[in-house]
Amino acid sequence: MGKTKHTGPMKLNKKPQPSLWAGMTPMGIGKVKPKHIRDTMKVAWENRDNARYAYRILTEGVCDGCALGVSGLYDQTLKGPHLCTTRLNVLRLNTAPAIDDKWFEDVEQLRKMDSTQLRKLGRIPYPLSRKPGEKRFTRLTWDEALNRIAAKMQAIDPKQLAFYLTARGITNEVYYTAAKVARFLGTNNIDNASRICHSPSKTALKRSLGIGAASCSYKDWIGTDVLIFWGSVAANNQPVSTKYMYAAKKAGTKIIMINPYREPSMEKYWIPSIAESALFGTKIVDDVYQVNIGGDIAFINGVMKHWFEMEEQEKGSAIDHSFVKQHTKGVEQVEVHVGALTWAEIERSSGLSRERIEEFAQLLANSKSGVFIWSMGLTQHRFATDNISQVANLAMLRGFLGREHCGVMPIRGHSGVQGSGEMGADPFVLSGGDFEPRNRERMEKLWGFPIMDWQGDTVGQSLENAHLHEEHERKLKLFYTSGGNFLETMPDPDFMQQTLEKIELRVHQDIILNTSTLVDAKEEVIILPAMTRYEQPGGGTSTSTERMVYFSPEIKGPRIEEARSEWEIYIDLAGRVKPDKKEWIQFKTVADIRAEIAQANPNYDGIQHLTEKGDLFQWGGAWLCEDGVCPTEDGKGQLFAIDLPENRRTEGQFFVTTRRGKQFNSMIYSEVDPFNDGDRYDIFINEEDARKLSIDEGVSVIAYNQYGQLQGRAKFEDVANGNIAVYWPEGNSLLPKGVYESHAKIPEYNSTVIVERADVFHAKKDQKYVENRIADLEMSAD
Ligand code: SF4
C-alpha cells in the first residue's frame, strides 16, 4: 500500500541529558518503581531447570508477550538489546514441565487454586476428559479425544458450534488453519481475542481510512513533534516502548498522556537498558489531560471546535486545508456538528475545562507532525468505534497521515492480536478481505469448498447463545477454545460461570490450566495439550503492531511428550468430522500453510519466504495511506461528525474503569503493582472525592451498582474527579453483561458505581433487611 520501505533500526542517542532525569536519587532508591534486577533474578531462578532452553527462546525466538515485536533480542526500531520483564515472566509458560498426574485426581483441589497457582502447576501433559459429577479427570488418547469431539460436531448443527482463539503466543499459521477449518466444518462462528481489546480499532480505521492496522511504524515516534498516548499505558503493557519514548524525547518530541488516571509508569520510568535512565530515571510525559472515563468524544469535539474557531480568525492556523481537500470528505458536516455543540456540554462530558481543551488544540495546531497511539482506554467502550474515528478525524484534519513521523497506531498488547483477524479467525472477515460475497467467492476458489453465507457470531454472542432454548438453531452446544479464560476476561463472572456450564461439550486446547477449564460442562469438558510457538515443527510467524511479520523458528529443547502443534490438531479433527472430504483441508507442513496465506491475503505475500531466525517483512510498507491516499474506493478518508455519547451518571455516582497492574492480560504476576504499590483490590479514588464521603485512605470501601459489587481498600491516587479505577479482571463484577459496542461488538468494560465505606454499606444493608422483615410481617398479617 505504501511504496516507502522501513529503513531498519537506528542508533540510539545515549548521550546523557540531565533535563530528562526523573530525579537525582541513584537507581530511584526509596521510590515506588519496578525492581528490574530482582525480577530478572526471580525469572532466572524459576527457569533454572531449563536455563539453556530459556536462553535459546530469548535469543532465537520471537517474543510471545506483547505485540511490540522482537526477534531474539533485536527489533526494527533501535539498535541494541530489547528485553523486558513481561517477556521474562511469560517465559516459564514455555519451559515448565508437565503437571504432576496427582493433580488430576481431584478437581476440587484444583478449584481451590486461582489461575496464577494453576499456571504454576505446569503444562497440560495429555488429553483429559471430565464429565459433570466426576471428581477426577480421565486420561484420553488423542484418538479417543478427537473422535469424541468429531462425533459431537457431526451430531449438531454447525451453527451450534463456535471456535475462539486467544492471542497467547498463537501463530498466524494456527489462526489461518483454524479459520479455514471452521469454514470447512460449516460454521462462521469463529472469533479471537481482539474482540475484547482492539476490534473497534480495526472497525473504525477501516471506515475512516480504509485500513485495519497502524498506519505508521514505531520509528515515527522518534522525532515527531507530538506523541499522544490516548487511554494507553504503554510503559506498563509494552515496556520496551519506553526506550522508544526515551529516544523520542532525545529527538525533541513532546509526549502527552490522555487518561483519567495519571499513570505513574508514564510519568517516570527507569529503563534498565539505558545507563542514564536506569540510574536516574526518565521523565516521560510532558503533560497529562485527565479526561473523564468515556469523555474522549467530547474532548475531541472540543479540539475540533476550537480549530474551526481558530480558522475563523486566521485561515490555515489549525487545519491542513490542502490535505483535507485532496484526501478527505465530510469536513463540512464535522464543522457544522462541532459548531453546534456548546462548550458547557463539551466540558461536562469530557471533564476538562475549555481552556485545557483549547491548549491541547493549539499544541496540535502548532505541530507539524504527530502520532496518535491508543489502547483499551478508547477501545473498551460501548462507543469505541466512534472514539477511534474521532482520533482519525484529528489526524486527517491536521494531515498527520501517510508520511514520516505521522500516523495512527492502535498499540496491541498480545503477540497474536494483529495477525488473528488478518488470518480470518474472525466472524466479520476472511483472510485478505471482509466477509462479503466477492471475497467469499475468492476464498471458495482458493479453498475449493463452499463457505456458508450466514453471518457468524462474535465470542460474546456465541457464549450467550448457550442460554437459548434447546431447539434453537444457534443454541451453542460445542465451544472449542484455544486458550482464553472467560471467567476472568468477560464482564459478570457469575453469569459467565452459568454460561460455561450450559454448554454441552467444551474443548480447551491450551498449554496450562486456568479457572475456566475447571468449570463443569453439561456433558463433558475435553482438554487438549498444545505446543508453544517455539515447539511447533517448522516454526511460525506473528505480526506486530507495526505490521512487521516475524518468523520464529522451532527451538531445540525439552518437549511435553503428547502436546501437538495447534494447526495439526485442527486438521486432524476436521478430517475426522468429514472423512470423505478430508483431502480438501490437508496441510503437510507449516510451510504449506505459509504458502497458502501468501495467496489468501495479498498483504502477506512474502510470508512464504520466511524460513530462518530473524526473517521478517513489514506488510504495507512504512506508511499506510502514504501521501494521504487511503485504500478506500475513492482514495479518500472519511471524516465523521460524532455525537456525544450517552454517558451519564447521577449525583453521587462515579464513572469506573478497569486498569492493569503487573500482569500479562489476565495472567497476574504480582499482587502488588510496582508503579504505585497498589493491591489488586485497591479502589483508586481522588482524595478530594474520598473526603466528601468521609473515606480515609486504606479504609475498606465498596463500589457497587446494579450489576455487582467490589470490596477493596481506598487508595488515594490522582484520578480525575468523579472517576475511579479498579484492577482488571477483579473489577469485572461491576460490569454489565450483554452490552456490546454496536459496530465491533466489544463488550462494555466501563460503568457507573456508588462508592461507600464498607461499614456504611453494611449498616444500610442491615437496615434494608429490617425493612424487608417488616414488609414480610405485613404480608403475613394480611
Ligand atoms: S515489550 Fe513486548 S515484545 Fe518487547 S520484550 Fe516486552 S513483551 Fe516482548
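This one's a predicted model, so the numbers in the text were calculated from it and none came from an experiment. Order of appearance sets the numbers: ligands from 1, and atoms from 1 within every ligand.
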Could you pull out all residues at least two apart from [X] that satisfy ring-ring contact (aromatic ring centres under 6.0 Å, His included)?
| X | result |
| --- | --- |
| Phe675 | Tyr269 |
| His405 | none |
| His414 | Phe664 |

For this session: Measure the distance from atom 4 (Fe) of ligand 1 to every protein heavy atom, then report the residue, atom name and distance (to 0.1 Å) of the closest one.
Result: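 Answer, as residue, atom name and distance: His82 NE2, 2.2 Å.
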Exercise. Using a distance-only test with no angle check, is there a side-chain donor-acceptor pair under 3.5 angstrom linking Arg533 and Ser415?
Worked result: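 A pair is found: one side chain offers a donor N or O, the other an acceptor, under 3.5 Å apart.
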Exercise. With a cut-off of 2.8 Å, which protein N/O/S atoms are close to atom 2 (Fe) of ligand 1, if we only count those under it?
Worked result: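 As for protein N, O or S atoms lying under 2.8 Å from atom 2 (Fe) of ligand 1, they are Cys66 SG.
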For this session: Fit a plane to each ring of Trp619 and Tyr604, take the angle between them on a 0 to 90° scale, and name the class: parallel (under 30°), tilted (30 to 60°) or perpendicular (over 60°).
Result: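 Because their plane-to-plane angle lies in the 30° to 60° range, the rings of Trp619 and Tyr604 count as tilted.
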For this session: For residues Arg660 and Met376, determine if any side-chain heavy atom of one lies less than 4.5 Å from a side-chain heavy atom of the other.
Result: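 They are in contact (side-chain heavy atoms under 4.5 Å apart), so the answer is yes.
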